[in-house]
Amino acid sequence: MWGLLAVVALLWPARTAGLLDGLPLESSMANAVLVGVVFPSLLWFHPRFLRARPVRAAILALLAWKAIGAAALTPDGWCVRFEPQRPLVKDAASIVPHSWDVRADWRSDDPGCSAIVRRAYKGLGEFPVWFFNLPPPNDSWPDPLDRPPGARTGMIVSGFIDAAREGLLQFEFTTDMNASAFIDGTRVEGAANLAPGIHHVRVEAMLTGDRWRFEPRWNGGDLWRSRGVLATLKRPSRVDEMLRPWGRWLVTVLAGGLILTWVASMFARIGSPPVIAWILGASAGLGGLAATNHLEVARWCVAGLAGAALVPVPVRLRNVFGAFALVGIPWLALIVVANTDHIAHFTWYTSGSDFWMYQRFGYRIVMQGYWLEGGTKQFYFQPFYRWVSGVLHLLFGDSSAGEFFWEGGCFLVSALLAFFLTKASSGFRCGLIAAAITLAVVALGAPWGLIGRGLSEITSAGFIYLGAFMALRSRRGSLLWAAAAGVLASLAFYTRLNNLPMAGAIALFAMSARVPLREFSRQLLTSLKPKAKAGAWRTRIAWRTVLVVPAVLGVGLLCFAWRNWHFNGVFSVFYGTQRNTLALWQPGMSLGAVMATWLDSVLMVLTVHDPPVFDWKSLPVSGGAVVALLAVLGVPRLRYVPALPVCFFLVGISAAFVARGWTYQGRFSVHVIAITCALMVMGVERLLRQSAPSADPYNPRT
């Protein structure tokens, strides 16, 4: 409950502008990073902080103040309304488009305000005009008149300014804007001296070309950061005069104090000087390289995170939390710093590409209310990522920074599962190496170019690996964890239909991560005999997880099929998709031709290249696949690799025998990168282990 209250308190848009004023998170860099990245990480990995009474008091105080502000204060900022000269949006009730700004009229069919402006717009990319990614409304491709510089778009800005003393109000425009400013109904030429008091401001512009600038200034400084003057959506009241002088800083103090104290508490929990020194050093190194335009070097340095295995780590930190601290925090630092330039800047999406389609569908879902339809009646493009992209825009605004942070987090989840599986078999230090190698394969190879691009593969893999964690937790926890694993399995399938086998394989995590494949196979064959007793591996299975995960996934499939029946009259989960086009076994093909396509498809996945080519940076993926194959064949030492990761990989790679896509290098390998990296590390450790693994196959080395 307190975690949910913290989410509401931090995301609720504040009426007053500040560093941490809630949605949309692109309003400031601090807001995007602290609330968009740091807060979710703390909520997941250090929730015990919420048990303290002062923390709960701070959450309630923040909620109470935002509620008071919502009832009594006039919102900061001015209303900006865009009026395109050509229709942009399919089935729109009005010519006026929405920006991704929940502070404006985002739930209205005919918005009075497309967005709320609280900062200067110094270039086209900073204007809240993401909607230029939408046209045309006939599902075709945009022509030159649909987007700048060919488009003509009216812009009206209106609001009030409350000056404590006399000052000079200036507007900086460009000639492409054809703008006029009015103060209290009187047109002004660029600047006007204002007497103390409240004045109405209105700007009318016709946006042409692509060189735009809208920067109001007060006495030569940025209006939005100036003292002694307020810019509000409506005429401020006496209540504003009473509460604003001190209340506008209260949100920043409460929210910032909450998050920073939470960070300090997490580091106090870590408590180990060598571990903290490694975290700070690795994060500063990766982040510093990215900040100084040495991103390529920073990507190579991700492999250096394997050096965390040399750090002396207390026993209490030899777990997933410790792996997150040692490897995850530096990785997130790199992801954040490398993509800060996307904050408060919208992205132009290439017409006709998959990610352009997902963005258009996301707008139709969230802003136009087609939540069940999902943008189209048939899912020729993968389904669920369109919902994900829409919700991320709802959180972060026009910016695509949320997609970069989200997908960087998805890769981190998969790396942490690689850590967990490897630790269970080969010990903590090998687990850290597996996590670091997973992230290194991503950073150095083709998957790096997929982060934030707006495709479905990374999100689907993130759901799969997070679902695996839920299934693992259900082994000793509540039945709700197993249900959560089933829900995530369903979402993984919705996001990428090809991943249905691997989504279903989440149920495998009902089994112990330590049972060797040799023991599993031997006892499985023994159990098939009449009157056979349950083997050790069977007693280690959480049967409720085995039953609940597939049951929930089955319900998810039924709901998906019902949705297709509702819109298309066909009860099927694959109707309208590219299944028949991408299927490897086409009518009339010979067995030899089918086997050749199978080989090509599998090699494409394992080499992380299309067409398949050798790349040493992808060796952990192909190496892990070789370990799994040799383990199945019973090669000495490798046959003691745990059965769980081997089976999970084999199910995951099975999709490569069914269908094969194309374009976007590395996209079809994303779901197996983490599990193959874990298998490779486990296989190497088994080969290098001095003592015979059969001595105690269930006990990992430390």
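Note that these values count all heavy atoms, side chains included, but never hydrogens, waters or copies made by symmetry.
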N/O donor-acceptor pair under 3.5 Å between Trp331 side chain and Gly408 backbone: yes

Would you check if the side chain of Trp448 reaches a backbone N or O of Val441 as a donor-acceptor pair within less than 3.5 Å? no

Is there a side chain to side chain donor-acceptor pair (under 3.5 Å) between Ser426 and Arg689? Walk through the geometry before answering. CA-CA 9 Å; Ser426 304; Arg689 183 181 292 190; 4.9 Å; no

Looking at every heavy atom in both Pro447 and Val608, which two are closest together, and how far apart are they? CD-CG1, 3.9 Å

Heavy-atom check, side chain of Leu679 versus side chain of Val641, under 4.5 Å: yes

Any chance CZ of Phe420 has more than 12 other-residue heavy atoms, nucleotides or ligands included, within less than 6.0 Å? no

Point-to-point distance, once rounded to the nearest 0.5 Å, from CG of Leu638 to CG of Leu517: 10.5 Å

Test your reading of the model: is there a side-chain donor-acceptor pair from Thr495 to the backbone of Leu491, 3.5 Å cut-off? yes

Considering all heavy atoms, the nearest Ala435-Ala415 contact: CB-O, 3.5 Å

Carefully, step by step, assess Val573 and Leu497 under the rule side-chain contact (heavy atoms from CB on, under 4.5 Å). CA-CA 9 Å; Val573 294; Leu497 303 184; over 6 Å; no

Exceeds 12 heavy-atom contacts within 6.0 angstrom, atom CH2 of Trp406: no

Any side-chain heavy-atom pair of Glu403 and Ile458 under 4.5 Å: no

Are side-chain heavy atoms of His46 and Phe324 found at a separation under 4.5 Å? no

What are the two closest non-hydrogen atoms of Ala418 and Ala674, and how far apart are they? CB-O, 3.6 Å

Ignoring hydrogens and geometry beyond distance, is a side-chain donor-acceptor pair present between Asn499 and Ser460 at under 3.5 Å? yes

Given Phe411 and Thr438, is the side-chain contact (heavy atoms from CB on, under 4.5 Å) satisfied, shown in steps? CA-CA 8 Å; Phe411 274 126; Thr438 299; 5.9 Å; no

Measure from the side-chain N and O atoms of Tyr465 to the backbone N and O of His671, and report whether any donor-acceptor pair falls under 3.5 Å. yes

Measuring only between side-chain heavy atoms, which start at C-beta, is Leu606 closer than 4.5 Å to Val621? yes

Would Phe379 and Tyr575 count as a side-chain contact (heavy atoms from CB on, under 4.5 Å) if you check the C-alpha gap in whole Å, the side-chain angles of each, and the deciding distance to 0.1 Å? CA-CA 8 Å; Phe379 290 138; Tyr575 176 76; over 6 Å; no

If I take atom CH2 from residue Trp481 and atom OG from residue Ser474, how far apart are they, to the nearest 0.5 angstrom? 10.0 Å

Would you call the rings of Phe321 and Phe45 parallel, tilted or perpendicular, taking 30° and 60° as the class edges? tilted

Can you tell me if Ser490 uses its side chain to pair, donor with acceptor, with the backbone of Gly486 under 3.5 Å? yes

Does Trp598 use its side chain to pair, donor to acceptor, with the backbone of Phe657 at less than 3.5 Å? yes

Are Arg496 and Phe463 in a cation-pi setup, meaning NZ or CZ lies under 6.0 angstrom from the ring centre and within 45 degrees of the ring axis? no

Between Ala510 and Val546, what is the shortest heavy-atom contact and its length? CB-CG2, 3.5 Å

I'd like to know if the side chain of Arg660 reaches the main chain of Ala583, judged simply by a donor and an acceptor atom lying under 3.5 Å from each other, with no hydrogens or angles considered. no

Can we say Asp354 and Arg453 salt-bridge, meaning some charged N sits less than 4.0 Å from an Asp/Glu carboxylate O? no

How far does OG of Ser456 sit from CG of Asn498, to the nearest 0.5 angstrom? 8.0 Å

Is Leu50 close to Leu43 at the side-chain level, that is, under 4.5 Å between some pair of heavy atoms? yes

Roughly how far, to the nearest 0.5 Å, is the CG atom of Leu466 from the CG atom of Leu488? 5.0 Å

Exam field: side chain Arg475 to backbone Ile541, donor-acceptor pair closer than 3.5 Å: no

Considering non-hydrogen atoms only, spot the tightest contact between Ala513 and Pro642 and give its length. O-CB, 3.3 Å

Spell out, as yes or no, whether a donor-acceptor pair under 3.5 Å connects the side chain of Arg639 to the backbone of Ala631. no

Distance col, row Leu305:CG vs Leu334:CG, nearest 0.5 angstrom, shows 8.5 Å

Can Val487 and Met470 be said to form a side-chain contact (heavy atoms from CB on, under 4.5 Å), step by step? CA-CA 10 Å; Val487 170; Met470 298 297 102; over 6 Å; no

Within-4.5 Å side-chain heavy-atom neighbours: Leu11 and Leu25: yes

Check whether any side-chain N or O of Arg318 sits under 3.5 Å from a backbone N or O of Phe428 as a donor-acceptor pair, and report yes or no. no

Roughly how far apart are Lys423 NZ and Asn319 CG, rounded to 0.5 Å? 7.0 Å

Contact check, side chains of Thr545 and Leu479, non-hydrogen atoms, under 4.5 Å: no

Heavy-atom side-chain proximity of Arg386 to Phe381 below 4.5 angstrom: yes

Take Tyr385 and Tyr494 through the test ring-ring contact (aromatic ring centres under 6.0 Å, His included) and record every step on the way to the result. CA-CA 8 Å; Tyr385 187 78; Tyr494 292 172; over 10 Å; no

What closest approach, in Å, do Ala434 and Thr422 show between heavy atoms, and which atom pair accounts for it? CB-OG1, 3.3 Å

